[in-house]
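Below: one structure, written as structure tokens.
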Amino acid sequence: MSSRPIIAGVVFTLFASLASAQDAKTVIAGASKAMGADTLNTLEFSGSGADFAVGQAFSGSSPWPKFIDKTYTRQVDFRVPSSKMDRIRMQGENPPRGGGQQPVRGEQPQNQTIVVNANTPWVQQLEIWMLPQGFLRAAAAANATVKAQTIGGRKYNVVSFTGQNKAAVNGYINDQNMVDRVETWIDNPVLGDLKFEAAYSDYKDFGGVKFPMHIVQRQGDYPILDLAVSDVKPNAPVTIQAQGRAGGPPAAAAPTSPTPGAPSEKLADGVYLILGGYASLAVDFKDYIVVIEGATNDDRANAVIAESKRLIPNKPIRYVVNTHQHFDHSGGLRDFVAEGATVITHEAHKAYYEKIWSAPHTLNPDRLAMSPRKPAFETMTEKKVLTDGNHVIELHHLQGSGHNEGLLVAYLPKEKILVEADAFNPPADQNAPVLTPASPYNLNLVSNIKRLRLDVQTIIPIHYPANNRKVSIAELNRAVGDQGTK
Ligand SMILES: [Zn+2]
């Protein structure tokens, strides 16, 4: 075969990409002019709507749980660049359904400040670069390309550049020269390469600057923000101060351990508590290790794996018990799968994990992405008992929990220990005033303990109190007060 057609092909590709880059500059300039991006240095917009907690759904087939954003204001300084968001949130699901620290009591002020410097992760900058004018600014500074695309009968110029995380950032510019939608992909320890999308509609003119009156952000097919914009101030004076590290007392001295961030202590013969913000249990079965709740993210999972193997040497981790599919409890499960452990969870979660774990993890490959293997599951419905004749771990489904459809607790009858996730998250201060009415999730746990006749002395909350204190059943009983006896 002659080499001529190959050379012709190379030359053609070069011309095509030059043309695309030149066209992109024209398209970006046209949209920037139409949207007033050229003269826009700062921006303040406000409104109201709802936000939604990613990874905290009631089930694998329900949307992220909703919180009311009574007020929402975002300031942006494109020159720094920086951004500040202030909002007042309220409970959105009644009765509470799903996670995300429900129920929110009354009005909860929240804020987020981003001042971009050389070390600011790309994902944190996206609230700036995914805004319509932010996208055009970022695209103008990048080596963007453009292609024409028709979607649902509507014609778009799709402008693309590569984000700092190596994922494409695509902006869909409509025939009015408005940015209709921006999409990119970010890493999520559970969902892998996760599509993050912002859709803009109902554009209005504010002194030559066009801004959408409706913003919907989505991650993983479901909304994470749905905002009705009511006020826009182009070039408003903004004061966005970089925030130092959050204050507060230093963490209590923890037992030392060779695994950084995963201090451990022996609770009973062959039963070890691994702390470090989240709690895990490692149990020394005759031929293997059982880990109860090993996961939050990849780093945490690998620290728990290392500490479990140090505490219980020369045995494999055969099982990891997963309490439920919320991402702060399933974020490192894939690392246990890579370690060779079988995942024990409620049957409601198996199909969900099989589906989401087949997604690519190219942006931040974890252990399972680097050495793939088929995940092994053992599922349960209401009760499952793990035993080697000596140790006994009873797993029970919390019936009627609004937190998650397949929420499990682990009960160690000999040690009278109950391991639970999100059914009771003890307050930082055990003497803090009791909140009324009691959390429906706390009440549900109490009624399940009664139904199952569990003789609980010690509770191991997966979200362990920062002072690493022992949590007794008395703390739960105090939290529910009189309501627990009804
Ligand atoms: Zn949860």
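Residues: numbered from 1 along the sequence shown. Start at 1 and go down the list; that is how both ligands and their atoms are numbered.
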salt_bridge(K350, E347) N-O dist < 4.0 Å | no
Can we call the ring centroids of Y222 and F52 under 6.0 Å apart?
-> no
Is the Y172-Y200 ring centre distance short of 6.0 angstrom?
-> no
Distance-only side-chain donor-acceptor flag, S264 / E307, under 3.5 Å | yes
Counting only pairs under 3.5 Å, give me each side-chain donor-acceptor contact of residues 421-433, with atom names and distances, residues two or more places apart or in other chains.
| from | atom 1 | to | atom 2 | distance (Å) |
| --- | --- | --- | --- | --- |
| D422 | OD1 | N425 | ND2 | 3.3 |
| D422 | OD1 | H463 | NE2 | 2.9 |
| D422 | OD2 | H324 | NE2 | 3.2 |
| D422 | OD2 | H329 | NE2 | 3.1 |
| D422 | OD2 | H403 | NE2 | 3.0 |
| D429 | OD1 | N431 | N | 2.9 |

Nearest heavy-atom approach of A359 to L191 is CB-O, 3.7 Å
Sorted by chain and number, protein N/O/S atoms nearer to the Zn ion (ligand 1) than 2.8 Å are H324 NE2, H326 ND1, H403 NE2, D422 OD2
